[in-house]
Structure formats: C-alpha cells, structure tokens
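In what follows, a structure is listed as structure tokens, so that the remarks can point back to it.
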Amino acid sequence: MISNQILQNTIDGLKGITRIDLCIIDVEGKILAATFPDAERYVEPAQAFVESPADSQVVNGYQFFKVFDEHQLEYILLANGDSDDVYMVGKIASFQIQNLLVAYKERFDKDNFIKNLLLDNLLLVDIYNRAKKLHIDTEVRRVVFIVETNREKDGNELEKIRGIFGGKSKDFVTAVDEKNIIVVKEVADNEGYDELNKTAEVIVNLFRADAENDVHVAYGTIVNEIKEVSRSYKEARMALDVGKIFFEEKDVIAYSTLGIGRLIYQLPIPLCKMFIKEIFDGKSPDDFDEETLTTINKFFENSLNVSETSRQLYIHRNTLVYRLDKLQKYTGLDLRVFEDAITFKIALMVVKYMKYMESLDY
C-alpha cells in the first residue's frame, strides 16, 4: 500500500500547481493526507459516498472521487477550490493516485518474487513463469550483494542504497531480515569482479561518514541465469560470515577471495577440536605470548622470508631464528619448512573459527 507520506507529497504537489484543496480518506474513514486543516468534517460524507454507486459527486461544496485498484475501492479523494477546473484537477489527482497504486503493486510483486527467489522458495517452473509475468529477464548476468549494518534498519539505509540502484529498473534492492539489505545487480558483459568491488566500495562510502553505522558488504559470484541467483546469494552470505572470522579488517569481501577460509568454515566443530588436539598435543595457540604471535603473523605475511621478517620486526636475524627454534620445540612444527608452515597456518585459522562459533553460542 502507498505510504501516507507519498500521498501527502502527491496532493501537496498538485495544490502547489492548481491552488485547489485536496484530501484523501480511506474506505474506513481514516484521513491519510490533506492540504487543509478541517478535513475531519468530511469523513462522514466520504463514508456515505463509499456506499454510493456513483464514481464522483458533489457533497457540501466538495467534489468527491472514488479511487479504485483493480475494481476494488481503496480511497476517496476530495477536491475544492475557486477554480472552474476543480473537477478536472480531481480527476487528474485520482488518476495519478491510481497509477501510484499500480506502480507500488508491481514493485511489491517484484520484491516478493526476488525474496522468494533468494530463499529458494520457488519451483523452477514458477521462477520462469513469474519472471515472464513481471517482465524480468531470465538470462542475463547478475550478482548478489549483501549489505550488513550494525543496527536495525529504520528505512533510511534501504532508501540510501535504493538511491544508488533504484533508478535502474533491472537492479533490485530488498531485505530478507532485520540486519541485511540485499542488492541483486545486473552485470554488463564487459563488467567483471573489479567493477563489482568498486560498486561495493561505493556502498561502503555511502555510510562511512556515519560513525554509528559500521557497514560490511559481501558479494557472490556472477551467475548467468535467474535460477542461479539464489546460489550467488548463498555465496555472498557465506562471504559475509567468513569475512567476520578471517578478514575482520576488510569492509568488502568477495566469495571468490575467501580461499581456505571457505573450507574451514564448513568443518564440523568436533572435527576441528580433534585436529587442534593432534597438532598442538593438548596445547593451545591462545597460550602464545604477544611477541610470539606477532612474529608468526609477520613471518607468514612475508612468505616465510627470514631476512625480510627480521627487518620489519626491527630485530636481528639470529633473534628471529631463536624465536622460530623456540616455537618448534613447543609445537613440533618448524615454520621455515613449507609443510609445517601450512599446517600451522591452517591450525591458527581453525582456532579462530572455533572461537568465533563459540561466541555465537553465547
């Protein structure tokens, strides 16, 4: 249904042009919008007009019009003024509101379709039948973005993002829960993941000025058919979750960049615990001091290069070698050996994943 604010803006705009007073009342007698103060006295005549077979008539000096939505009476429009064109202006206003009803219904139908498409609530045959009825192309490249805000939507976030994509009728902006806004974007043939990343950055920058609104954007892979849109949505959702665990410093995360984190995220917790117990023999990486953790992370950042790591840590090469030897005695893993380094890196990521999942339990 059209919001009261939209109705008010519509009749305000018409009054500004024509200087004719307008009022909209629903079939239950509730005033939805008006350009004059004493509209309440016309509620009773409007309700009587609802029962009338006429589509328009004059009551107490006001011209009354019925506004229908597919033969269903929705609103009563009142028009009054000194001009001889009151009837014509009233007809134009009722026609404009009727068009708004059609537009909002179409938008709602498309929005409902996209939500069900994302959530896999449609049979394959229904996807193509409904897409055809709604004039939505079925064989174009699309990708799904998920925009997560740190507070429940008050409508402002959704409208901000619609401001970017809303003008393009082939893109869809919707929401399937309280925290996340979903964008189903059509992707041109000459666009790739670099362009998608730039789009994600535009969304982040839209909220960056608002210190209270910490926004993260994730997106899936590009799909070629409408039936695959739900897959891109699931990928974006996974990217959002995995990004919180392994890439918390990033505001934008793509499914295609998750790497091994994507595999670890799908492991059952009991298997993770068994793996950590085997690797660290009952010990925990949580027991490492800050100096050791810094050394490990910097060593991995520099692709196991001892010289470059010691330079960046401002320590002598021999000091770094001593720390690595000490770590080897504690864990049995030598980070200078590629296979041990991989095992250690995966183990650290598994521990991080386990801690994140435990925090969700609480």
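Around atom CD of Glu44, no more than 12 heavy atoms belonging to other residues, nucleotides or ligands sit under 6.0 Å away. The number of heavy-atom neighbours closer than 6.0 Å to CD of Glu28, taken from other residues, nucleotides and ligands shown, is 12 or below. Counting heavy atoms of neighbouring residues, nucleotides and ligands inside a 6.0 Å radius, atom CZ of Phe95 does not exceed 12 of them. More than 12 heavy atoms of other shown residues, nucleotides or ligands fall within 6.0 angstrom of atom CZ in Arg336.
The closest side-chain heavy-atom distance from Asp26 to Ile31 is not below 4.5 Å. Side-chain contact between Leu240 and Asn180 is present, with heavy atoms from C-beta onward closer than 4.5 Å.
If you check the side chains of Gln266 and Tyr353, you find no donor sitting under 3.5 Å from an acceptor.
Using cut-offs of 30° and 60° on the angle between ring planes, the pair Phe280 and Phe344 is perpendicular. In this structure, Phe65 and Tyr87 have tilted ring planes: the angle between them lies in the 30° to 60° band.
Remark: Leu78 CG to Ile20 CD1 distance equals 13.0 Å, nearest 0.5 Å. Between the CZ atom in Arg231 and the CD atom in Glu225 there is a gap of 10.5 Å [rounded to 0.5 Å]. Atoms CG and CD, from Leu22 and Gln63 in turn, are 11.5 Å apart once rounded to the nearest 0.5 Å.
With respect to the salt-bridge test (charged N to carboxylate O, under 4.0 angstrom), the residues Arg237 and Asp177 qualify. Salt-bridge formation is not detected for the pair Glu201/Lys198: no Lys NZ or Arg NE/NH1/NH2 atom is positioned less than 4.0 Å from an Asp or Glu carboxylate oxygen. Comment: Glu291 engages Arg323 in a salt bridge, judged by a side-chain N to carboxylate O separation of less than 4.0 angstrom. Looking at Glu301 and Lys298, a side-chain N of the basic residue comes within less than 4.0 Å of a carboxylate O on the acidic one, giving a salt bridge.
Between Tyr265 and Phe246, the ring center distance fails the sub-6.0 Å criterion. Between Phe36 and Tyr62, the gap from one ring centroid to the other is short of 6.0 Å.
Using a 4.5 Å cut-off between side-chain heavy atoms of Ile, Leu, Val, Met, Phe, Trp and Tyr, with links allowed through other members, Leu123 and Ile136 fall into different hydrophobic clusters. Phe64 and Tyr75 end up in different hydrophobic clusters when Ile, Leu, Val, Met, Phe, Trp and Tyr side chains are linked at under 4.5 Å.
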One pair to check against side chain to side chain contact (heavy atoms under 4.5 Å, CB included): Glu74 and Ile24. What are the steps and the verdict?
CA-CA 10 Å; Glu74 291 288 343; Ile24 301 170; over 6 Å; no

Please report the C-alpha distance between Cys272 and Leu267 in whole Å, then the side-chain angles of each, then the deciding distance to 0.1 Å, and finally whether the side chain to side chain contact (heavy atoms under 4.5 Å, CB included) criterion is met.
CA-CA 7 Å; Cys272 292; Leu267 293 175; 3.8 Å; yes

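In this structure, Lys244 fails the cation-pi test against Tyr356, since its NZ or CZ atom is not both closer than 6.0 Å to the six-membered ring centre and inside 45 degrees of the ring normal.
Between the side chain of Thr331 and the backbone N or O of Leu333 there is at least one donor-acceptor pair closer than 3.5 Å.
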